[in-house]
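Presented below is the structure to which this report refers.
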Amino acid sequence: MEADESKKSERRFTGIPVAQGIAHCPAFIQYTQDEEIVARQLREEDLPEEVARFEAALIATRIELLEIQSQIASAIGSQDASIFDAHLLVVEDRTLIDEVLRRLERDRNNVEFVFQEVSRKYCETLEAIDDPYLRERVVDIEDVARRVIRNLLGKAPQNPAAHDQPHIIVAHNLTPSDTAQLNRKLVMGFVTEVGSKTSHTAIMARSLEIPAIVGMQGICQEIQLGDDILIDGYNGLLILNPMPETLAECGRIEQAKEAVSERLQLIRETASTTGDGRHIILSANIDLPDELDDIAENGAEGIGLFRTEFLYLNRVQPPSEEEQYGHYRMAAERSLPHSVIIRTLDIGGDKTNLSLESTEEDNPFLGCRAIRFCLEHIDIFKTQLRAILRAAVVGNVRIMYPMISGIEELRQANAILEECKAELSAEGVPFSPDVEVGIMIETPSAVLVADHLAREVKFFSIGTNDLIQYTVAVDRLNDRIAHLYNPTHPAILRMIKLTVDAGKSQGVWTGVCGEMASDIVLTPLLIGLGVEELSATSTLVPRVKKAVQSLDATGCEALVAKVLEMDDASQILAASMSMARERYAELID
Ligand code: PEP
Ligand code: MG
C-alpha cells in the first residue's frame with residue numbers, strides 16, 4: 001500500500017525548453033535510438049515463446065506499415081503510399097524469417113539479438129553489390145528491422161500512428177524525419193534525452209506548436225508507458241504524477257499565456273513597422289507544406305524560408321518535378337500578394353535521407369550538405385529548379401541557395417539554373433525567366449566575401465542557426481556544449497553587421513531566417529544592425545510583430561552602437577533584454 005502511494009508521488013525532471021505550451025497526458029515511450037541489443041542465452045524450453053514473440057512483432061510491424069500506408073494514401077495519394085509496398089515485402093520475406101528461426105534454434109539467443117544480426121548481415125551483403133535497386137532495398141530492410149526490434153523491445157505497438165489516444169512522446173531522440181511523421185492530432189508534446197534548441201526537430205515542434213523539451217538525460221529510464229505526465233514547455237519541466245495543486249498552477253500559466261496570444265491576434269492585419277516608421281518585412285518559415293495555412297493566420301508577409309528538404313525525407317525516391325511543382329505552386333499562390341523564398345534542397349547535417357546519401361560521413365554538418373550535395377547530384381538539383389521556375393509563373397517566387405561558402409558555388413548553381421531555363425524554353429514549358437536569386441549567409445567564408453557575393457545576388461538571408469555553429473565551432477545539436485551556442489557572441493553581431501553592410505553597399509537587402517529572427521529578446525539587435533526582413537517560425541510571427549511595433553529603429557541603432565563595443569556575450573544579451581523588457585515585458589515574462 002505504502003509502496004503504491006510512493007510510486008504515485010509527484011516527481012520533477014528538467015531539460016531544455018524548446019517549444020512553449022503545456023500538455024498533460026499519458027506517456028508514450030518511443031524507441032528511436034538504434035538500440036545496441038545485448039545477447040541473452042535462452043533455455044531450450046524458452047524457444048517457443050521466443051518464436052511467438054517474433055511472430056507477434058512481425059504482425060505488429062505489418063499493421064503499423066499498413067496504417068502508415070493508408071494515412072499517407074489519404075493525405076497525399078496512393079502513389080506516394082506505394083513506397084511502403086517494399087517495406088511490407090520485407091516483413092513477409094521468407095528467407096529472412098527462416099534464417100532468424102534457424103539461428104534462434106541453433107544459438108538460443110534472444111530473438112531481438114538474432115534478428116538484428118541477421119538483418120545486418122542481409123544489409124551488408126546487399127550493400128556490397130553495386131546496384132541502385134538493391135541499395136534502396138537496404139534502406140527498406142533497415143527501417144523495417146528497426147520497427148520490428150522496437151516492437152520486440154516495447155512489447156507494445158511503438159509507432160505513435162498506431163496509438164490512438166492523445167499522448168506525450170518520451171524518447172531518446174527524435175529525428176527530423178520522425179517529427180515530420182508525428183500524428184499531430186494525438187501527439188500533445190514530446191521530451192527527448194538529447195537535442196538542442198536549433199535542431200530541426202526543435203524548430204518543427206515550434207512551428208507545429210507542440211510543447212517540447214530536449215536534453216532531459218536519462219528520462220527514458222524514469223518513465224513507463226502510460227505514466228501520468230505533464231510537460232511545461234515554458235520552463236523545460238516534466239512532472240510525473242502531477243498533484244492537483246500543480247495542475248491548477250499550470251492551468252493558470254496557460255490561461256495567462258492564452259490571454260496574451262488572443263491580444264496578439266488583434267494585430268494580425270497590421271504592418272510590422274517600428275514606432276518611428278521603419279518597415280521590417282516579417283515573413284514566415286515553413287517546413288511542411290501543410291503549414292501554409294499558418295501564414296495568413298499569423299499575419300505574415302509571405303514565406304521567407306521554405307525548407308524544401310522535408311519533401312525528400314521519409315521516402316526512397318526523391319519527389320518528381322510534377323510533385324514539387326504542385327507544392328511550390330501552392331506556396332506561391334498562398335503567399336500572394338507577398339513572395340515565397342524557396343530554398344533549394346538542404347539535405348545533410350541532421351536532415352538525412354539514407355537512400356539519397358549513399359555514404360555516411362564523420363562530420364555531416366561539414367560534409368556534403370545543401371548546395372554541395374546539389375552540385376554533386378545535378379539531376380536532383382535540376383528537377384527542383386525546373387519545378388521552382390515553373391511555379392514562379394503563378395506568383396512571386398524567389399530562389400535561395402543554402403550554405404554557399406564562396407562565389408564558385410553560386411556561379412555553378414546559377415549556371416545550372418540557366419541550363420534549366422534553356423531546357424524549359426526549348427520544350428515550350430511555361431516558366432518565369434526573371435526569378436530573383438539570393439543566398440543564405442551561414443558560413444563565415446560567405447560573410448567575409450559578402451561584398452563579392454552581393455554583386456551576383458538580389459538578397460541575402462542570414463541563417464543564424466548555422467552561422468553560429470560554424471563561427472563559434474559549436475555543433476548545433478550537441479547539448480554538452482549548448483552554453484557556447486550563443487547568438488549574442490560579439491563575433492556573431494560582427495558577422496551580421498558585415499553582411500548587412502556589404503549588401504547595402506550593392507543595393508542588396510539582408511534578412512534573417514535563422515531562429516534569432518523568432519527570438520523577441522534579440523529583435524532590438526537585429527533591427528539596430530540594419531536587417532530588413534525577419535523570417536520567423538510562423539506561430540511566433542505575432543510576437544515578433546508586436547516587438548517590432550513596440551521598438552524604435554533609432555533606439556535600436558543606438559543600442560547596437562553601444563553593444564558593438566562590448567566584449568561579453570551575456571552583457572550584450574542583458575542590454576538587448578533590457579530594451580525588450582522596457583518595450584514589451586508582457587511578451588517576455
Ligand atoms: C539556419 O541555418 O539558420 C537556417 C535557417 O537553416 P537551417 O536551420 O534549415 O539549417
Ligand atoms: Mg542552415
Side-chain angles (χ1 to χ4, degrees), residues 18-19 175-177 179-180 195-208 214 282-288 291 300 303-313 340-353 363-374 384 398-405 409 438-447 459-478 485-489 492-493 495-496 499 510-519 522 526 531 533-538 540-541 544:
V18 294
T175 64
S177 336
T179 316
S196 67
K197 270 195 166 148
T198 53
S199 69
H200 287 93
T201 298
I203 291 171
M204 285 176 83
R206 287 192 284 277
S207 52
L208 300 174
V214 301
L282 180 52
S283 45
N285 292 350
I286 68 161
D287 301 332
L288 300 171
E291 288 168 32
I303 301 171
L305 168 64
F306 183 163
R307 285 188 168 96
T308 57
E309 46 281 2
F310 287 94
L311 302 174
Y312 294 70
L313 300 182
V340 48
I341 299 180
I342 301 181
R343 177 173 77 180
T344 58
L345 179 60
D346 182 4
I347 204 92
D350 60 342
K351 292 169 290 194
T352 46
N353 175 329
N363 292 304
F365 273 112
L366 297 180
C368 187
R369 184 191 162 190
I371 196 69
R372 301 167 183 187
F373 175 89
C374 288
Q384 180 170 43
R398 296 182 168 114
I399 292 177
M400 176 158 77
Y401 305 132
M403 236 193 119
I404 291 287
S405 62
E409 282 164 341
I439 54 171
M440 293 203 62
I441 299 286
E442 38 190 0
T443 62
S445 59
V447 174
F459 62 93
F460 289 148
S461 184
I462 305 180
T464 48
N465 305 339
D466 279 315
L467 187 59
I468 297 169
Q469 110 162 319
Y470 296 131
T471 303
V472 190
V474 51
D475 179 347
R476 69 192 259 190
L477 301 183
N478 188 339
Y485 189 94
N486 207 334
T488 55
H489 190 302
I492 301 304
L493 265 49
M495 287 278 171
I496 298 175
T499 307
T510 298
V512 170
C513 63
E515 294 304 291
M516 275 180 85
S518 303
D519 186 346
L522 306 176
L526 296 181
V531 168
E533 179 233 27
L534 296 172
S535 189
T537 300
S538 52
L540 298 176
V541 161
V544 180

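For ligands, and for the atoms within them, numbers begin at 1 and follow the listed sequence. It should be emphasised that the depicted structure is a prediction, and the values quoted were computed from it without experimental measurement.
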Numbering as shown, the atoms of ligand 1 that approach [X] to under 4.0 Å (heavy-atom distance):
X	result
Arg476	2 (O), 7 (P), 8 (O), 10 (O)
Cys513	5 (C)
Asp466	1 (C), 2 (O), 3 (O), 10 (O)
Gly463	1 (C), 2 (O), 3 (O)
Arg307	4 (C), 5 (C), 6 (O), 7 (P), 8 (O), 9 (O)
Leu305	5 (C)
Arg369	10 (O)
Lys351	9 (O)

For the Mg ion (ligand 2), the closest N/O/S atom belonging to Glu442: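 Nearest N/O/S atom of Glu442: OE1.
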Between the Mg ion (ligand 2) and Asp466, which N, O or S atom of the residue is the nearest one?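 Going by distance to the Mg ion (ligand 2), the closest N, O or S atom in Asp466 is OD2.
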Selected option - heavy-atom contact closest to atom 4 (C) of ligand 1, from Met516, Met440, Met400, Met403: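 Nearest option to atom 4 (C) of ligand 1, by heavy atoms: Met440.
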Could you tell me whether the side chain of [X] and the main chain of [Y] form a donor-acceptor pair under 3.5 Å?
X	Y	answer
Arg476	Thr198	yes
Glu309	Asp346	yes
Thr537	Arg206	no

Test your reading of the structure: does Glu515 have an N or O sitting under 3.5 Å from an N or O of ligand 1?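 No; every N/O pair is 3.5 Å or more apart.
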Say whether Arg343, considering both its backbone and side-chain N or O atoms, lies within less than 3.5 Å of an N or O atom on ligand 1.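 By distance alone, the answer is yes.
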Would Glu515 and Lys197 satisfy side chain to side chain contact (heavy atoms under 4.5 Å, CB included), going step by step from the backbone distance to the final call? CA-CA 9 Å; Glu515 294 304 291; Lys197 270 195 166 148; over 6 Å; no
Got Glu291 and Leu208 here, is their nearest side-chain heavy-atom distance under 4.5 Å?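 Yes. Closest side-chain heavy atoms under 4.5 Å.
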Measuring from atom CZ of Phe310 to atom CG of Leu345, what distance do you get when rounded to the nearest 0.5 angstrom?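 Spacing of CZ (Phe310) from CG (Leu345) equals 11.0 Å.
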Closest approach of Ser196 to Val214 (non-hydrogen atoms, all atoms of both residues):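 Taking Ser196 first and Val214 second, the nearest heavy atoms are N-CG2, 3.7 Å.
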Evaluate the criterion side chain to side chain contact (heavy atoms under 4.5 Å, CB included) for residue pair His200 and Leu313; output intermediate values, then yes/no. CA-CA 13 Å; His200 287 93; Leu313 300 182; over 6 Å; no
Which protein non-hydrogen atom lies closest to atom 7 (P) of ligand 1, naming both residue and atom, and how far is it?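 So the nearest neighbour among protein heavy atoms is His200 NE2, 3.1 Å.
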Using heavy atoms and a threshold below 4.0 Å, how should the contact between Gln469 and ligand 1 be classified: side chain, backbone, both, or neither?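 Neither; nothing of Gln469 gets under 4.0 Å from ligand 1.
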Heavy-atom distances under 4.0 Å decide this one: backbone, side chain, both or neither, for Thr198 against ligand 1?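 Looking at Thr198 and ligand 1, no heavy atom falls under 4.0 Å.
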Walk me through whether Thr510 and Ile441 qualify under side chain to side chain contact (heavy atoms under 4.5 Å, CB included). CA-CA 9 Å; Thr510 298; Ile441 299 286; over 6 Å; no
Classify the side-chain pair Thr443/Ser445 by whether it contains a donor and acceptor separated by less than 3.5 Å.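 Distance-only check passes for Thr443 and Ser445.
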Do any N/O/S atoms of Asp346 come under 2.8 Å of the Mg ion (ligand 2)?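 No N, O or S atom of Asp346 is closer than 2.8 Å to the Mg ion (ligand 2), so no.
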For the pair Ile303 and Ile342, evaluate side chain to side chain contact (heavy atoms under 4.5 Å, CB included) and give the outcome as yes or no after the intermediate values. CA-CA 8 Å; Ile303 301 171; Ile342 301 181; over 6 Å; no
